[in-house]
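For ligands, and for the atoms within them, numbers begin at 1 and follow the listed sequence.
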Amino acid sequence: MAHPPSVSTPPDDGVTIVNTGCCHDCGGRCVLKAHVKDGRILRIESDTGAEPQIRACARGRAYRQRQYSPERLRYPLRRVGERGQGRFERIGWDEALDTVADQLKRVKATYGNSAILFLPGAGNQGMLHGPTAPGMMLQAFGGFTRYWGIPSYEGALFASMATYGTIRTGHSRDDLLNSKLILMWGWNPANTVWDPETSLAVAKARENGARIVAVDPRFTDSVATFAHQWIPIRPGTDAAMLIAMAHVIISEGLLDKAFIEKYTVGFDAYRDYVLGNSDGVAKTPGWAAPITKVPADTIADLARAYAACKPGALIAGWGPARTAIGEQYSRTANVLCAMTGNIGIPGGYPAGFMRAYSSRETGHLMKKDPAQQVDKSKGIPSANPVENGALPRPDSLYRLSGGTNATSARIHQSRIWDAVLRGRAGGYPADLKMAYIVASNCLNQYPNANRGAEALRALEFVVVHEQFLTPTARFADIVLPVNTFMERSDIAPPWLGSPYFLYLNKAVDTLPETKSDLEICRELAPRLGVPADFYTLSDEEILRLFTSRRKDVTDFESLRRDGVLKIRLPEPIVAFREQIADPANHPFPTLSGKIEIACDHLAEMNNPRVPAVPQYLGHPEHFDAPLAQQYPLQLLTTHSKVRTHSTLERVPWLQALEDHGLWIHPRDARERGIENGDPIEIFNDRGRVRTTARVTERIMPGVVNLCQGAWYTPDETGVDTGACANTLTRDEPSPGGAFPMNSALVQVVRADGSQRKEVK
Ligand SMILES: Nc1nc2c(c(=O)[nH]1)N[C@H]1C(S)=C(S)[C@@H](COP(=O)(O)OP(=O)(O)OC[C@H]3O[C@@H](n4cnc5c(=O)[nH]c(N)nc54)[C@H](O)[C@@H]3O)O[C@H]1N2
Ligand SMILES: Nc1nc2c(c(=O)[nH]1)N[C@H]1C(S)=C(S)[C@@H](COP(=O)(O)OP(=O)(O)OC[C@H]3O[C@@H](n4cnc5c(=O)[nH]c(N)nc54)[C@H](O)[C@@H]3O)O[C@H]1N2
Ligand code: SF4
Ligand SMILES: [Mo]
């Protein structure tokens, strides 16, 4: 069926329908059709074209209220009050850009380029707009210091690289129809989307007879909608349950021995750990039960079901890996897939990182890091002069291609605030003096927001490209107002890796005094003396250049006209199909060429916190750490269905769908004299937030949940009345780089300090 054209003008009502798309970092990337009349969007609908439709969620459909929000930034701002106070004056673009250029030149001349901290964020996911152009500009200006590690998935990525040597471990969603059993492990696509077709695919798989089991401390919308069985598990203990499942599979002879022998290395070492031969502790379901709070029988039954119901798909979400030792969970999941031979076959799934289609990998305009091709032990070449030639970090998987950039010139994102405050004296690679922030609400979204505020205050200069006066923008010296994806054209790949592309046709004119990030660079680059060749290309020329590099985008004109290109696959994508069917000619991209149950690269690190075979490990904010005496509740900071991180925070239609508040189990609430809707405070040594209680049995006892993304709003006493989850989160990354955002211990009290009722 032909798609409607990108722009059609029904003669009668003067409405033009513009084919565009939604482009924040929300797990989707969906078709939007903007109905425009007299230069204004009247309504938004979604994909009405051929199946599979790429249908928008409530957030995309509510976009009009973000687009036309009275809070949009409308002109450049200069700070007049204290940093963070939010007091600014209006200035013109020339003055704003001159100031930014002068500061960049001053910092470069005084301290060198490494003092420039570039903080690109996830705000816009198109190829053209967002941080790409500013990054290129700063690179040409002599470079900058940046972070390594992505909070989304760093634990899962590390584990995927260590086990499989790649992050291309996903199956296309249509393959779920081939699965007999689907384990949704810490995975809530009903809210977090994970590419727009996912929920429908899971629903169809269930209709098709697949059994669906969800392992999650919360009874999520996905559990409610899809699962036959809900297994609540204590956060951060998933590795223990997966290891105990391995114990059942080994001791009951349910292993796929032929698969293990043919395709893996290191199984014996793992078996010795699981059975307790190496440390005297047999990791039985009885061992795991008191750790995980999952009954031993439930663990054993699930292990048997997974081993018997082949093919089975273990979908290992990133949430449980966003914990203090997150990569161990991901590795134990990967290994369980290998032990049951559920890899490389339709209906199976290798856990791993989950990317199926490579729509992102070659697309970005930023020069590909040449480090991927060279001997990294000799220092890593980089197009960023500040990083060029730096040695690899000893804790990185630098001998493998395609994972995290291994350069020691970068700082783990969760340590950025500490690095600003302590610099080289604190062991970091640079003394940071100014921050250049684009499409990032970093103060809100990085862990330990109070420390973030302290760090932003300590810098000499902060510039932020933004659409709204976010908590981060309030700390800027200069705020440059940026337009939205409705006001410019772009191409966007799907969020994770489904086979399609969107063309976002500009729907309405830009607010008069706002610009795209690229336009800002076009005007700033000459002020910096940066070669302007890239910036002389028009937006459309750059988009054409991008598509010309991809074999799968054969027709730019139809992509632009239709707003979407759906790539027809001859068969579902099954990761490692070739490696399994023809191992002699298709080794795994690991050092051994096989699936690494024991990983030599990890063994070389010689760090007991990142052992060669995956293990269950504790940490200083684990449920059984001494700190739990003081702060007995485990805090989860999950992704809200009514926001994209902190974006869409102030949209009334979305606020009406769900109140921000703390999920707390009735038992924990009762012990604290808290009733549903009561004002409460959540606190630990890092901070204190005020919000309301949502008393619910949808979360297990001992665990509370505060969705991430609400805006950090400290009052004069330092209490965060916006209830930003990161006021409470830990900023110490795990040894493999996982972000510990689901590993904070907290206490909860009624906000007025009183007990409404007598505690029994
Ligand atoms: N609506 C919405 N969708 C989004 C986003 C958004 O902001 N809003 N953000 C997008 C982005 S960038 C990302 S990276 C993804 C993130 O996607 P996810 O990481 O999958 O999302 P989360 O909600 O953080 O976590 C998923 C589930 O893991 C569970 N969980 C947390 N800790 C544990 C644990 O220790 N063990 C177990 N078993 N479960 C645990 C949570 O209860 C939650 O239900 O979402 C994307 N989709
Ligand atoms: N506690 C906790 N914290 C988390 C997480 C968690 O699970 N728990 N999840 C983490 C994850 S997975 C992620 S990906 C990060 C996301 O963190 P961020 O990348 O900071 O994402 P947002 O909060 O959406 O902020 C993006 C900003 O970009 C702005 N923006 C949108 N479009 C444009 C544009 O075209 N140009 C410019 N200049 N700005 C634009 C938006 O207004 C918004 O303020 O948060 C992380 N933080
Ligand atoms: S917010 Fe994400 S899932 Fe929702 S419409 Fe936009 S792109 Fe799609
Ligand atoms: Mo993310």
Side-chain angles (χ1 to χ4, degrees), residues 21-32 44 46-47 54-63 66 121-123 125 150-156 183-199 214-223 230-242 292 294 315-326 329 333 354 445 485 492 494-496 502 504 622-623 634-649 651 654 657-658 663 698-700 703 705 707-709 725 738-743:
C22 188
C23 200
H24 296 303
D25 185 24
C26 61
R29 206 64 28 85
C30 306
V31 169
L32 298 182
I44 291 174
S46 188
D47 195 351
I54 302 171
R55 274 177 244 157
C57 76
R59 290 167 290 154
R61 290 169 198 262
Y63 208 78
R66 182 170 197 269
Q125 294 283 304
I150 301 293
S152 318
Y153 50 62
E154 202 59 33
L183 302 187
M184 302 180 71
W185 207 296
W187 195 50
N188 180 21
N191 287 172
T192 51
V193 190
W194 281 73
D195 282 357
E197 74 276 31
T198 296
S199 283
V215 184
D216 199 304
R218 300 185 308 143
F219 188 85
T220 62
D221 288 355
S222 299
V223 181
W230 173 41
I231 302 178
I233 185 168
R234 172 143 53 195
T237 67
D238 302 83
M241 175 155 167
L242 288 153
T292 57
V294 182
I315 313 262
W318 294 344
R322 208 172 292 115
T323 54
I325 308 281
Y329 141 75
M354 283 205 243
Q445 296 305 112
F485 56 64
W495 181 74
L496 181 66
L502 294 187
L504 283 63
H622 210 28
F623 74 94
Q634 287 181 282
L635 175 71
L636 300 180
T637 63
T638 59
H639 292 229
S640 161
K641 71 176 170 198
V642 298
R643 280 189 299 271
T644 300
H645 310 292
S646 70
T647 306
L648 294 147
E649 154 75 341
V651 172
L654 296 174
L657 286 181
E658 191 173 77
W663 287 30
R698 292 181 64 179
I699 190 156
M700 63 191 284
V703 184
N705 180 60
C707 282
Q708 59 109 341
F739 286 63
M741 277 134 168
N742 290 319
S743 296

*Do Arg698 and Asp221 sit within salt-bridge range, that is, some charged N less than 4.0 Å from a carboxylate O?*
yes
*Which residues satisfy the side chain to side chain donor-acceptor pair (under 3.5 Å) test with Arg66, sequence neighbours excluded?*
His24, Tyr63, Gln467
*List in chain and number order the residues that pass side chain to side chain donor-acceptor pair (under 3.5 Å) with Ser222, two or more places apart in sequence or in another chain; answer none if no residue qualifies.*
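Ser222 satisfies side chain to side chain donor-acceptor pair (under 3.5 Å) with Asn188 only.
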*State, to 0.1 Å, how close Asp195 and Trp495 come at their nearest heavy-atom pair, and which atoms those are.*
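For Asp195 and Trp495, the tightest heavy-atom pair comes out as OD1-N, 3.3 Å.
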*Would you mind telling me which of Ile699, Val223, Val703 makes a side-chain contact (heavy atoms from CB on, under 4.5 Å) with Arg218?*
Ile699
_Within the 4.5 Å heavy-atom criterion, are Trp194 and Ile315 side-chain neighbours or not?_
no
*Close side-chain approach of Pro740 to Thr323, heavy-atom, < 4.5 Å*: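 No; the side chains remain at least 4.5 Å from each other.
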*asked:* So, taking the atom named CD in Gln125 and the one named SG in Cys22, what distance separates them when rounded to the nearest 0.5 Å?
replied: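 Spacing of CD (Gln125) from SG (Cys22) equals 11.0 Å.
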_Every residue of the protein that comes under 4.0 Å of ligand 1, judged on heavy atoms_ =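 Shell around ligand 1 (4.0 Å, heavy atoms): Asp25, Cys26, Gly27, Arg59, Ser152, Trp185, Gly186, Asn188, Asn191, Thr192, Trp194, Val215, Asp216, Pro217, Arg218, Thr220, Ile233, Pro235, Gly236, Asp238, Trp318, Gly319, Pro320, Arg322, Trp495, Leu636, Thr638, His639, Ser640, Lys641, Arg643, Thr644, His645, Asn742.
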*Mind counting the protein N, O or S atoms sitting less than 2.8 Å from atom 2 (Fe) of ligand 3?*
1
*Given side chain to side chain contact (heavy atoms under 4.5 Å, CB included), test Glu658 with Lys641 step by step and report yes or no.*
CA-CA 8 Å; Glu658 191 173 77; Lys641 71 176 170 198; 3.4 Å; yes
